[in-house]
2 protein chains.
Amino acid sequence: MNTQSHTKSTSRSLPIALLRARETVMAPVRDMLQGIQLTEQKWRILRVLDEMGEVEQSAIANEACLLLPSLTRILRTMEADEQITRRQDNRDKRRTMVMITDVGRQILKENLATSLSISNSIEAQMGREKLDNLLDLLEELQAVKV
Amino acid sequence: MNTQSHTKSTSRSLPIALLRARETVMAPVRDMLQGIQLTEQKWRILRVLDEMGEVEQSAIANEACLLLPSLTRILRTMEADEQITRRQDNRDKRRTMVMITDVGRQILKENLATSLSISNSIEAQMGREKLDNLLDLLEELQAVKV
DNA sequence: TTTTAATAGTAAACATGTTAACTATAAGGA
DNA sequence: TCCTTATAGTTAACATGTTTACTATTAAAA
């Protein structure tokens, strides 16, 4: 008898189930990104910036689910690659405002079709209803206070 | 109009929703682990080993959702800390068999209660039914071929 | 106002994620 | 058997995750 015989088996463990599910979804996205020298994180950042316009770094971190120290490093290379621009905010000099560039937008544009076809493939196999159900449950889980 | 106006907003994006949900679930687990100098990955490895007995590294990687190069490094420190043992398999000398030690089991034992109370707290707030529903959907998503 | 506390971001250190190249061993086919 | 291919694992290099400590600036309290 093992130590955790009273616990859920790892196969029915929420953290691992979330991890595995994410692996499945991200595998084809990573294939796409590898072709264009972009990491999953940079892709998320570009999408958030395109969606939100010029925003401060904390907002990006929040939306793209990254910690600020990681973001600092990633934005440094993205700025060097001219995918984004950064400038100090005038009102609050602690803030750095970040914006996507045309280069960044071009990357999104060029990969939109592939990205969409991946989503569509998942939707086709799971069904719209189940997918919505899943997203609702995930949103609810996020809101839990542990 | 932004580039991805035809795409799902990031808030309704499956990869980010999975990431966020995982953050919520793992936050209290990380708090627990930080107190005992253990990373989330080492915790997963100990649980898998306790559950599966002596297994080869590929099996651990598979179960704990880790890549072999990561596992190689992590097991090296866990072996030094005497939480696991490793030995070459006689039949197939390519394989390394890994086993949890008493030290490792003790760590699990000492944190079982906390781990359980975290699970229970989530279950209490989401409800058993929804949680099962979520786990089923995640399992189904994992099985999708993209 | 002066002090104190909070916020935004960076730096450093160490662990893990990720890919590619490599070694050793085993399995299969000619 | 010899050659080829596949498998298990390691190493190296670079990117990100994670925590702690730090700077600069702003807000709030005394």
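Sequence lines set the chain letters: A, B, ... in the order given, protein chains first and strands last, and positions in each chain run from 1.
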Salt-bridge present (A:E51, A:R47; N to O < 4.0 Å) = no
Expected output: side-chain B:S70 to main-chain B:L66 donor-acceptor under 3.5 Å = no
request  = State which of C:dT18, C:dA8, C:dA26 makes the closest approach to the side chain of B:K93.
outcome  = C:dA26
remark   = From CE of A:M32 across to P of C:dT19 the rounded distance in Å is 14 Å
inquiry  = What does the B/S/- profile of nucleotides 10-15 of chain C look like, 5' to 3', with a 4.0 Å heavy-atom cutoff to protein?
reply    = BBBB-S
query = What integer distance in Å separates B:E23:CD from D:dT16:P?
reply = 17 Å
inquiry  = Distance alone, cut at 3.5 Å: any donor-acceptor contact between the side chains of A:K145 and B:T24?
reply    = no
inquiry  = Can you measure A:L75 atom CG to C:dA8 atom P for me and round it to whole angstrom units?
reply    = 16 Å
task = Send over the distance from B:L33 CG to C:dT16 P, rounded to a whole Å.
result = 12 Å
message = Rounded to whole Å, please give me the gap between CD1 in B:I60 and C1' in D:dG9.
response = 12 Å
ask   = Shortest non-hydrogen contact from B:I100 to B:R105?
value = CG2-NH1, 3.2 Å
remark   = Winner on side-chain proximity to A:Q34, out of D:dG9, D:dA24, C:dA20, is C:dA20
message = Could you tell me how far apart B:L38 (CG) and D:dT19 (C1') are, to the nearest whole angstrom?
response = 16 Å
request  = May I ask you to verify if any side-chain N or O of A:Q37 is less than 4.0 angstrom from the OP1 or OP2 atom of D:dC14?
outcome  = no
inquiry  = How many whole angstroms separate atom CD of B:Q88 from atom C1' of C:dA24?
reply    = 10 Å
inquiry  = Check whether A:R22 reaches the backbone of B:P15 with its side chain - one donor and one acceptor, N or O, closer than 3.5 Å.
reply    = yes
inquiry  = Do A:R94 and A:Q88 pair up side chain to side chain, a donor and an acceptor below 3.5 Å, judged on atom types alone?
reply    = no
ask   = Between A:R94 and A:C65, which has a closest nucleotide on DNA chain D that is more 5'?
value = A:C65
task = Give, for atom CD1 of A:I107 and atom CG of A:L46, the distance between the pair rounded to the nearest 0.5 Å.
result = 5.5 Å
request  = Could you say whether A:E56 or B:D92 is positioned toward the 5' end of DNA chain C, judged by the nucleotide with the nearest heavy atom to each?
outcome  = A:E56
request  = Starting at atom CG of A:L66, determine the distance to atom P of C:dA8, rounded to an integer number of angstrom.
outcome  = 17 Å
note = Of A:R30 and A:S58, the one whose closest nucleotide on DNA chain C sits nearer the 5' end is A:S58
